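What follows is one structure encoded as structure tokens, with my remarks underneath.
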Amino acid sequence: MSSEMLPASIESTNVEEKLGTSDGEEERQEPRVDAGAEPISKRQLKKLMKQKQWEEQREQRKEKRKEKRKRKKLERRQLESNSDGNDRKRVRRDVARSSLRLVIDCSFDDLMVLKDIKKLHKQIQRCYAENRRASHPVQFYLTSHGGQLKKNMDENDQGWVNWKDIHIKSEHYSELIKKEDLVYLTSDSPNVLKDLDESKAYVIGGLVDHNHHKGLTFKQATSYGIEHAQLPLADFVKMNSRKVLAVNHVFEIILEFLETRDWQEAFFTILPQRKGAVPAHKACESSPQDHQSLPEGWDSASEGESCRDNPVSPQKDEQGQQSSPVLQ
């Protein structure tokens, strides 16, 4: 009897094991999305839950970022405040303003093509920005403002009408400033500036001419019977490129000199590196091998002349014509 019953008990045990196994598999396979879909593991389910939570918290994260930005902005303001509690804007009002007048003469509008007008506009923008942040800002004048320049500014820089600390006039500078106060800065002048007189008005020619109109600003100064002078560039600087300075370079050099009272420091702070500027005394001490490697347009004779006592000796170009450093 027991031997006959044994297979039945073994069979029932096997059935129970199969049932237990199927129950475990069902537990591992849960949960299902639906009857027809593939089973999702617990790991995949956790990922879905996290993604859903991430989407739900999107707005909260946005608000947290806003709060963080506000907090950082407040911290920056506190750092920018000085010990007296004055912020940078208040400090900016306490700068030592110079009485020196610096004029950009824009009466050459008809001599320039639109491309050069746009360059002049950018140079004027640079002058305005530098004067606003200078520790000794000048009395900035823009005269003979009109024509192509004004049209270009109206189209591309409408905010110029709100510029501060600048006198923008349609009149010629000779109508606005006394003749005895005017000094025209032109590289063709035989007079070399040694210092700046803050009671004077220094005029910079607003002309981008690529040397097409050499001597024009000097002729204008002499025709109006006003003083003229050139910056003492040759006294302090030897450059490997053409001695042409943009309007903003002249403007910034004067701002720098008003702060440091040192021409050499002013020149080497402002002049672009591409000009290859070196101190004049070092250029004079250069070896004969250096003279052999001069850039095109310079020869050893002209190099020697620039080191002599006369700092404004005209250089000779390849055609034998005389040319002098241009302030433009």
Side-chain angles (χ1 to χ4, degrees), residues 80 87-106 108 116-145 149-150 152-153 156-169 173 176-177 183-187 193 195-198 200-208 217 229-233 236-237 239 241 243-275 277 325-328:
E80 287 166 1
D87 59 19
R88 284 193 303 174
K89 288 185 177 179
R90 195 165 298 173
V91 172
R92 175 65 182 81
R93 296 190 195 106
D94 294 336
V95 297
R97 295 185 178 278
S98 172
S99 58
L100 182 144
R101 288 159 288 177
L102 205 47
V103 182
I104 296 180
D105 173 20
C106 302
F108 307 101
D116 292 335
I117 290 288
K118 289 181 177 180
K119 286 182 180 178
L120 177 61
H121 176 204
K122 287 183 179 179
Q123 292 173 11
I124 290 169
Q125 286 178 315
R126 180 67 180 266
C127 294
Y128 173 74
E130 291 300 322
N131 195 51
R132 288 281 290 166
R133 66 169 66 103
S135 58
H136 296 282
V138 296
Q139 309 300 314
F140 186 10
Y141 283 77
L142 203 62
T143 62
S144 300
H145 183 250
L149 178 62
K150 184 178 183 299
N152 186 71
M153 291 174 71
N156 302 304
D157 184 21
Q158 296 178 359
W160 72 266
V161 295
N162 298 318
W163 284 2
K164 299 175 181 178
D165 302 323
I166 184 172
H167 308 278
I168 301 178
K169 304 290 184 181
Y173 62 84
L176 302 167
I177 301 169
V183 180
Y184 212 114
L185 296 176
T186 169
S187 62
L193 279 178
D195 200 355
L196 292 174
D197 183 348
E198 297 198 31
K200 297 288 188 179
Y202 294 90
V203 185
I204 303 170
L207 178 62
V208 180
T217 53
Q230 64 169 288
L231 296 181
L233 191 66
F236 300 96
V237 181
M239 294 191 296
S241 62
K243 296 182 180 179
V244 177
L245 302 184
V247 170
N248 60 291
H249 291 155
V250 180
F251 195 101
E252 290 174 55
I253 286 167
I254 290 175
L255 287 178
E256 188 69 22
F257 179 78
L258 288 172
E259 183 174 350
T260 63
R261 291 291 168 177
D262 185 325
W263 282 118
Q264 181 162 304
E265 186 175 342
F267 288 133
F268 283 96
T269 300
I270 302 303
L271 289 176
Q273 289 184 353
R274 58 184 167 78
K275 292 287 185 182
V326 179
L327 289 181
Q328 192 166 309

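Quick caveat, the model's predicted, so the values are computed rather than measured.
Taking every heavy atom of both residues into account, K118 and N152 meet most closely at CG-OD1, 3.6 Å. For the pair Q230 and S187, the tightest heavy-atom approach, listed with the atom from each and the gap, is NE2-O, 3.4 Å. For the pair S99 and E198, the tightest heavy-atom approach, listed with the atom from each and the gap, is OG-O, 3.0 Å. Across all their heavy atoms, A134 and V95 have their closest contact at O-CG1, 4.0 Å. Between E265 and T269, the shortest heavy-atom contact is O-OG1, 2.5 Å. Closest non-hydrogen pair, N248 versus C127, comes out as CA-SG, 3.5 Å.
The six-membered or imidazole ring of H121 lies away from that of W160, with a centre-to-centre distance of 6.0 Å or more.
V237 places none of its side-chain heavy atoms less than 4.5 Å from the side chain of W263. Using a 4.5 Å heavy-atom threshold, the side chains of I124 and L149 count as touching. Residues K164 and R132 meet the side-chain proximity criterion, which asks for heavy atoms closer than 4.5 Å. Side chains of P137 and D165 form no contact here, defined as non-hydrogen atoms less than 4.5 Å apart. Residues F257 and D195 have side chains in contact (heavy-atom distance under 4.5 Å, counting atoms from C-beta outward). Side-chain contact between L193 and L185: present, with at least one pair of heavy atoms (C-beta onward) separated by less than 4.5 Å. Looking at heavy atoms from C-beta onward, T217 lies out of side-chain contact with D105 at the 4.5 angstrom threshold. Y128 is not listed as a side-chain neighbour of I168, based on a closest heavy-atom distance of 4.5 Å or more.
Between F236 and F267, the ring-plane angle classifies as tilted under the 30° and 60° cut-offs.
Partners of Q139 under the side chain to side chain contact (heavy atoms under 4.5 Å, CB included) rule, at least two apart in sequence or in another chain, are R101, Y141, H167.
Separating the CG atom in L233 from the CD1 atom in I253 is a distance of 7.0 Å, to the nearest 0.5 Å. Note that the OG1 atom of T260 and the NE2 atom of H136 stand 9.5 Å from one another [nearest 0.5 Å]. Summarising the geometry, atom NZ belonging to K200 is positioned 11.5 Å from atom CD1 belonging to I177; distances are rounded to the nearest 0.5 Å. Note that the NE2 atom of H249 and the CD atom of E256 stand 13.0 Å from one another [nearest 0.5 Å]. The distance from the CG atom of L245 to the CD1 atom of I204 is 10.0 Å, given to the nearest 0.5 Å. With values rounded to the nearest 0.5 angstrom, L102 atom CG is found 4.5 Å from F251 atom CZ.
The environment of NZ in K122 is sparse: at most 12 heavy-atom neighbours from other residues, nucleotides or ligands sit within 6.0 Å.
Taking 4.0 Å as the cut-off between side-chain N and carboxylate O, E259 and R133 do not count as a salt-bridged pair.
Side chain to side chain, Q125 and D157 meet the donor-acceptor criterion of an N or O pair below 3.5 Å.
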Begin from the C-alpha positions of Q123 and I104 and carry the test side-chain contact (heavy atoms from CB on, under 4.5 Å) through to its verdict.
CA-CA 10 Å; Q123 292 173 11; I104 296 180; over 6 Å; no

